[in-house]
Peer 1: 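Following this message is one structure expressed as structure tokens.
Please read all numbers here as calculations on a predicted model, not as lab measurements.
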Amino acid sequence: MAFLLKSAHVVDPAAGLDEVCDVLIEGDKIAAVASNLEAGDATVLDMSGKYLVPGLVDMHVHLREPGYEHKEDIESGTRAAAKGGFTGVCSMPNTDPVADNGSVIEYVKARAAAVGHCRVFPSGACSRGLKGEALSEMGDMVAHGVVAFTDDGRGVQGAGMMRRCMDYGKMFGKVFMSHCQDEDLVGDGQINEGAVSTRLGLLGWPAQGEEIQIARDIELAKLTGAKLHIQHISTAYGLELVRRAKEEGVEVTCEATPHHMFLSEDDLDETYNTSLKVNPPLRTQADAEAIRQGVIDGTVDVIVTDHAPHAAWEKSREFELAPFGMTGLETSLALVLTNMVRTGKMGYDRLVEAMSIAPRRILGLDPVSIRPGSVADITVFDPELTWTVGEDGFESKAANSGFTGVELTGRATDVFVGGKQTLAGGAVC
């Protein structure tokens with residue numbers, strides 16, 4: 001099928017584009033990018049006033065399938081991704097069974113091919129069963145298409161074990177994505193350790209519980225030569241550790257979530273809103289400002305969601321018993337547009353770099369660009385569309401968003417994955 005996307009403002013720093021033009025899609029590829037293109041037999045879609053960018057990729061998503069389909073499944077999770085403007089997501093391995101062998105990876109890929117609304121790039125566990133005791137079947141998973149290794153959800157606790165993972169796994173050329181959490185130090189911590197945890201009577205989670213493992217894994221990356229990616233970074237000092245490592249030439253990257261950029265521990269109050277219980281926890285306002293500045297200056301390579309859906313009854317329990325995590329796929333783009341682009345803190349080109357180009361580069365995926373011959377993975381959004389989070393429900397099975405009730409400006413309207421439209425006029429296809 002062919003589509004002619006007329007009069008869109010195309011932004012793609014990789015192609016040197018920042019102008020209004022037409023984009024012709026034929027089959028699964030972009031056929032032409034120019035002004036005043038003729039439609040021929042193509043379906044014409046007027047994109048006047050909208051921005052068109054290379055398809056967004058979220059490289060940190062919990063789809064929950066297999067094993068936790070009451071929270072989310074691959075169909076609902078990728079529906080939420082399409083609604084949020086994403087053409088691809090990287091799924092985390094903390095499922096049941098754990099994605100620590102080729103069979104589970106193959107299952108995730110098969111389900112995504114059958115019911116998915118976007119591409120799914122599975123990551124695999126570093127250790128068997130996420131226990132941090134024995135190596136996972138890395139080679140088997142690579143043979144079945146895994147794109148990265150991570151024990152996301154708890155992280156590899158032993159430095160020696162993490163070194164073995166890196167030493168063995170680096171032969172496959174995949175990145176190691178590190179969930180930095182020293183469980184011995186963090187203990188039963190619930191929120192950031194400080195005045196707010198004291199006031200609310202909740203166990204504190206010190207920033208050092210994250211920073212110590214960031215420092216450790218940077219040193220292990222130096223030792224082994226493995227590619228390292230720090231997940232959901234949340235503290236100013238943790239970011240400084242990454243910045244210094246980059247300056248020293250260490251092959252390290254990092255990511256940040258909108259909730260660590262735009263929320264802080266001060267948003268927690270006596271209502272004990274469990275949607276604000278996340279891992280790592282919301283930090284101080286100074287930390288959030290440092291993360292935002294890191295996104296602007298490029299120290300933070302990627303904006304991710306860490307989309308972590310939970311059933312309503314799970315989040316309705318006492319704060320100490322509720323699971324960590326909030327949803328994010330349907331709000332991420334709009335939050336960045338509202339708080340970073342519209343305020344002039346960063347441009348559309350930086351958004352494209354952080355949400356489209358860098359995730360593909362870090363995961364070793366084929367690049368996507370708005371130029372003839374490129375695969376037609378495309379995101380279109382209306383920068384002026386104003387909406388309220390949660391007002392019309394969610395495509396995700398879960399509603400544990402920390403931004404419910406917040407008015408945002410900017411939203412995806414159309415998404416194409418390999419030339420197939422998965423979002424049309426804001427509705428998932």
Side-chain angles (χ1 to χ4, degrees), residues 1-58 79 81-88 117-119 329-338 340-342 346-357 367-387 392 395 408-429:
M1 191 171 182
F3 293 93
L4 180 58
L5 312 183
K6 294 286 291 183
S7 303
H9 190 143
V10 178
V11 177
D12 180 5
L17 283 172
D18 188 354
E19 61 189 67
V20 175
C21 57
D22 305 337
V23 176
L24 177 63
I25 301 171
E26 291 181 349
D28 65 345
K29 296 290 199 305
I30 295 173
V33 180
S35 300
N36 303 314
L37 290 175
E38 296 296 326
D41 296 329
T43 299
V44 179
L45 300 175
D46 183 8
M47 299 298 178
S48 299
K50 299 177 182 179
Y51 278 75
L52 185 154
V53 301
L56 306 184
V57 172
D58 187 344
R79 282 185 67 87
K83 183 71 173 183
F86 292 96
T87 60
H117 300 272
C118 73
R119 302 183 192 276
L329 283 168
E330 298 176 57
T331 54
S332 178
L333 172 61
L335 284 163
V336 175
L337 288 170
T338 300
M340 300 293 277
V341 178
R342 290 184 66 85
M346 74 182 203
Y348 288 105
D349 56 344
R350 179 71 190 117
L351 180 151
V352 173
E353 171 66 29
M355 299 184 74
S356 176
I357 297 173
V368 169
S369 189
I370 308 302
R371 66 179 85 198
S374 176
V375 65
D377 283 11
I378 293 171
T379 299
V380 180
F381 57 86
D382 184 343
E384 301 299 328
L385 196 159
T386 299
W387 59 290
D392 300 319
E395 296 293 340
L408 300 175
T409 301
R411 197 173 198 181
T413 60
D414 299 87
V415 173
F416 297 84
V417 178
K420 178 183 177 182
Q421 194 164 20
T422 56
L423 185 72
V428 180
C429 302

Peer 1: Would you check if the side chain of Lys83 reaches a backbone N or O of Gly426 as a donor-acceptor pair within less than 3.5 Å?
Peer 2: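 Yes; judged by distance alone, with no hydrogens or angles, the pair exists.
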Peer 1: Which distance, rounded to the nearest 0.5 Å, do you find between the CD of Glu38 and the CG of Leu4?
Peer 2: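 Spacing of CD (Glu38) from CG (Leu4) equals 8.5 Å.
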Peer 1: Which heavy-atom pair separates Val417 from Cys118 by the least distance, and what is that distance?
Peer 2: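 Minimum heavy-atom contact is CG2-CA, 4.3 Å.
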Peer 1: Once rounded to the nearest 0.5 Å, what's the spacing between atom CG of Asp28 and atom CD of Glu26?
Peer 2: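 Those atoms lie 11.0 Å apart.
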Peer 1: Quick one: does Met340's side chain get under 4.5 Å of Leu351's, heavy atoms only?
Peer 2: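 The answer is no; the side chains never approach within 4.5 Å.
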Peer 1: List the atom of Ala39, the atom of Val44, and the distance in Å for their closest heavy-atom pair.
Peer 2: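 Looking at all heavy atoms of both residues, the closest pair is CB-CG2, 3.5 Å.
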Peer 1: Between the side chain of Arg371 and the main-chain N/O of Ala14, is any donor-acceptor distance below 3.5 Å?
Peer 2: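 Here the side-chain-to-backbone pair exists.
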Peer 1: For the pair Asp12 and Ser369, evaluate side chain to side chain donor-acceptor pair (under 3.5 Å) and give the outcome as yes or no after the intermediate values.
Peer 2: CA-CA 7 Å; Asp12 180 5; Ser369 189; 2.5 Å; yes
Peer 1: In Å and rounded to the nearest 0.5 Å, what is the NZ to SG distance from Lys420 to Cys429?
Peer 2: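 Answer rounded to 0.5 Å: 8.5 Å.
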Peer 1: For a quick test of reading the model, state the closest non-hydrogen atom pair linking Leu45 to Phe416 and the distance between them.
Peer 2: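 Closest approach of Leu45 to Phe416: CD1-CZ, 3.8 Å.
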Peer 1: Nearest 0.5 Å, please: how far is CD1 in Ile378 from CD in Gln421?
Peer 2: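 Rounded to the nearest 0.5 Å, the CD-CD1 separation comes to 10.5 Å.
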Peer 1: Does the side chain of Val33 reach to within under 4.5 Å of the side chain of Pro372, using non-hydrogen atoms?
Peer 2: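 In contact.
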Peer 1: In the structure I gave you, are the side-chain heavy atoms of His9 and Pro383 within less than 4.5 Å of one another anywhere?
Peer 2: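 His9 vs Pro383: side chains apart.
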Peer 1: Could you tell me whether Arg342 and Glu384 make a salt bridge, using a distance below 4.0 angstrom between a side-chain N and a carboxylate O?
Peer 2: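 So Arg342 pairs with Glu384 through a salt bridge.
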Peer 1: Would Asp22 and Lys6 count as a salt bridge (charged side-chain N to carboxylate O under 4.0 Å, His left out) here? Give the steps.
Peer 2: CA-CA 5 Å; Asp22 305 337; Lys6 294 286 291 183; 2.8 Å; yes
Peer 1: Is the side chain of Glu395 donor-acceptor paired with the backbone N or O of Glu330 at a distance under 3.5 Å, no angle test?
Peer 2: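 Pair absent, no side-chain N/O of Glu395 close to backbone of Glu330.
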Peer 1: Hey, does Thr379 have a side-chain heavy atom less than 4.5 Å from the side chain of Phe86?
Peer 2: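 They are not in contact (no side-chain heavy atoms under 4.5 Å apart), so the answer is no.
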Peer 1: Would you say the side chain of Thr409 lies within less than 4.5 Å of the side chain of Leu337, judging by non-hydrogen atoms?
Peer 2: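 Counting from C-beta outward, Leu337 and Thr409 never come under 4.5 Å.
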Peer 1: Measure the CG-CG distance between Leu329 and Leu56 for me, rounded to the nearest 0.5 Å.
Peer 2: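 One gets 11.0 Å once the value is rounded to the nearest 0.5 Å.
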Peer 1: Indicate yes or no for a side-chain donor-acceptor contact from His117 to the backbone of Ala81 under 3.5 Å, with no hydrogens or angles considered.
Peer 2: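 Such a contact is absent between His117 side chain and Ala81 backbone.
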Peer 1: At their closest point, which heavy atom of Val11 faces which heavy atom of Pro54, and how far apart are they?
Peer 2: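 Heavy atoms only, the tightest pair is O-CD, 3.4 Å.
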Peer 1: Taking the side chain as every heavy atom from C-beta outward, state whether Val53 and Ser356 have any atom pair closer than 4.5 Å.
Peer 2: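 The answer is no; the side chains never approach within 4.5 Å.
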Peer 1: To check you understand the geometry: which heavy-atom pair defines the closest contact between Gly55 and Val368, and what is its length?
Peer 2: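 Closest pair (atom of Gly55, atom of Val368, distance): N-CG1, 4.4 Å.
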Peer 1: Out of curiosity, Thr413 OG1 to Leu385 CG, how far, rounded to the nearest 0.5 Å?
Peer 2: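 The distance works out to 8.0 Å.
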Peer 1: If I compare all heavy atoms of Leu408 with all of Leu335, which pair ends up nearest, and what's the gap?
Peer 2: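 Nearest pair, atom of Leu408 first, then Leu335: CD2-CD2, 3.6 Å.
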Peer 1: Tell me, do Leu5 and Asp414 make a side-chain contact under 4.5 Å, heavy atoms counted?
Peer 2: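 Not touching, per the 4.5 Å side-chain cut-off.
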